Amino acid sequence: MAGKEHIYRHPRYYEIGFVNENLTSEVEFILDCYQACSGKKKERLKILDNGMGTGAYMAEFMQKGHFVSGYDLSPQMVKFAEEKLKEIGKNYSVFKGDLKDFATEEKFDLAICLNGSFQYLMEIDEVLRHLKCVYKSLTEEGLYIISLPWPGSFIEQPPGSIEAKWKNTRKKISVEVDWTYQQEEIEWEGQTFSGLARIKVTDGDRKRDLEMEYKYRLFFLQELKAITGLSGFFSFAGFFKEYGKSGKPVTVKVVLKRK
Ligand SMILES: C[S@@+](CC[C@H](N)C(=O)[O-])C[C@H]1O[C@@H](n2cnc3c(N)ncnc32)[C@H](O)[C@@H]1O
């Protein structure tokens with residue numbers, strides 16, 4: 001047995017287990033949010049992906065003719081994204097960087113932060129440091145679109161109250177995720193929730209046990225509105241809910257406009 005490594009060290013398995021195979025409609029939704037809130041056309045944009053993970057979204061944006069740049073704290077993710085994007089073309093750059101302390105040479109029309117990356121910012125001062133970096137990397141009136149879990153779902157179905165398990169298979173590799181293997185209740189003072197997901201990978205003849213220890217910050221919309229307003233770097237341009245099969249909101253895209 002290979003031991004319990006964190007799944008971020010294995011981007012290929014992470015992508016199979018956690019990233020939607022068909023990102024076309026979500027990417028189109030992000031571009032529609034951009035057009036609606038900026039009043040500008042959603043074509044040939046320069047897009048910065050904060051905490052890009054495997055670069056799956058960047059690949060989709062690139063295929064639509066946009067220039068993409070992205071960074072991640074994990075060197076394995078950066079290497080994986082680089083290999084993926086170079087297969088598509090030259091219209092990209094990737095680098096190792098921290099949400100709280102990064103800088104770009106280029107200026108971007110649109111910054112994005114998707115699927116949990118923003119929730120690694122635990123403290124208000126970390127959010128402010130991050131917003132300052134994004135502000136510096138955007139063009140004037142550039143937009144920042146952050147995807148967050150819909151906060152209401154944490155109240156209706158608090159962590160620990162439901163079981164979440166799934167199995168995804170791609171190209172003969174299957175990744176089984178037990179997300180609620182160990183999940184703690186929300187720690188309301190810090191607005192965090194944490195847990196341990198168990199992950200079983202079957203890659204040909206090889207079986208591996210991986211895990212994902214997580215601690216995420218829960219953000220409420222009015223709180224985010226207050227933080228971004230007080231930061232002086234952004235104004236709140238709107239938010240757009242995305243609905244799941246149950247008819248209830250699952251995620252929300254928060255749109256900030258650079259001042
Ligand atoms: C849940 S994944 C989401 C990845 C990607 N946004 C997506 O939608 O597939 C979170 C990513 O954030 C990265 N990350 C965590 N803390 C970070 C930090 N302080 N700076 C940059 N990246 C970070 C992790 O390495 C991981 O790739």
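Owing to the predicted nature of the structure, the values given are computational and were not obtained by experimental measurement. Order of appearance sets the numbers: ligands from 1, and atoms from 1 within every ligand.
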Just list the N/O pairs, ligand 1 to protein, that are under 3.5 Å apart, with the distance for each.
from: ligand 1; atom 1: 6 (N); to: Gly51; atom 2: O; distance (Å): 2.8
from: ligand 1; atom 1: 6 (N); to: Leu114; atom 2: O; distance (Å): 2.9
from: ligand 1; atom 1: 6 (N); to: Ser117; atom 2: OG; distance (Å): 3.3
from: ligand 1; atom 1: 8 (O); to: Asn115; atom 2: ND2; distance (Å): 2.8
from: ligand 1; atom 1: 12 (O); to: Ser117; atom 2: OG; distance (Å): 3.4
from: ligand 1; atom 1: 19 (N); to: Asp98; atom 2: OD1; distance (Å): 3.1
from: ligand 1; atom 1: 20 (N); to: Leu99; atom 2: N; distance (Å): 2.9
from: ligand 1; atom 1: 22 (N); to: Leu73; atom 2: N; distance (Å): 3.2
from: ligand 1; atom 1: 25 (O); to: Asp72; atom 2: OD1; distance (Å): 2.6
from: ligand 1; atom 1: 27 (O); to: Asp72; atom 2: OD1; distance (Å): 3.3
from: ligand 1; atom 1: 27 (O); to: Asp72; atom 2: OD2; distance (Å): 2.7

- prompt: Can you check salt bridge (charged side-chain N to carboxylate O under 4.0 Å, His left out) on Glu187 and Arg217, steps first, answer last?
  reply: CA-CA 10 Å; Glu187 192 279 286; Arg217 170 72 144 80; over 6 Å; no
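A donor-acceptor contact closer than 3.5 angstrom is absent between the side chains of Gln119 and Tyr214. In this structure, a donor-acceptor pair under 3.5 Å is absent between the side chains of Asp109 and Tyr34. Gln76 and His10 share no side-chain donor-acceptor pair at under 3.5 Å. Judged by distance alone, the side chains of Glu106 and Ser69 never bring a donor and an acceptor atom under 3.5 Å apart.
The one candidate from His130, Lys257, Arg258 that meets the side chain to side chain donor-acceptor pair (under 3.5 Å) condition with Tyr144 is His130.
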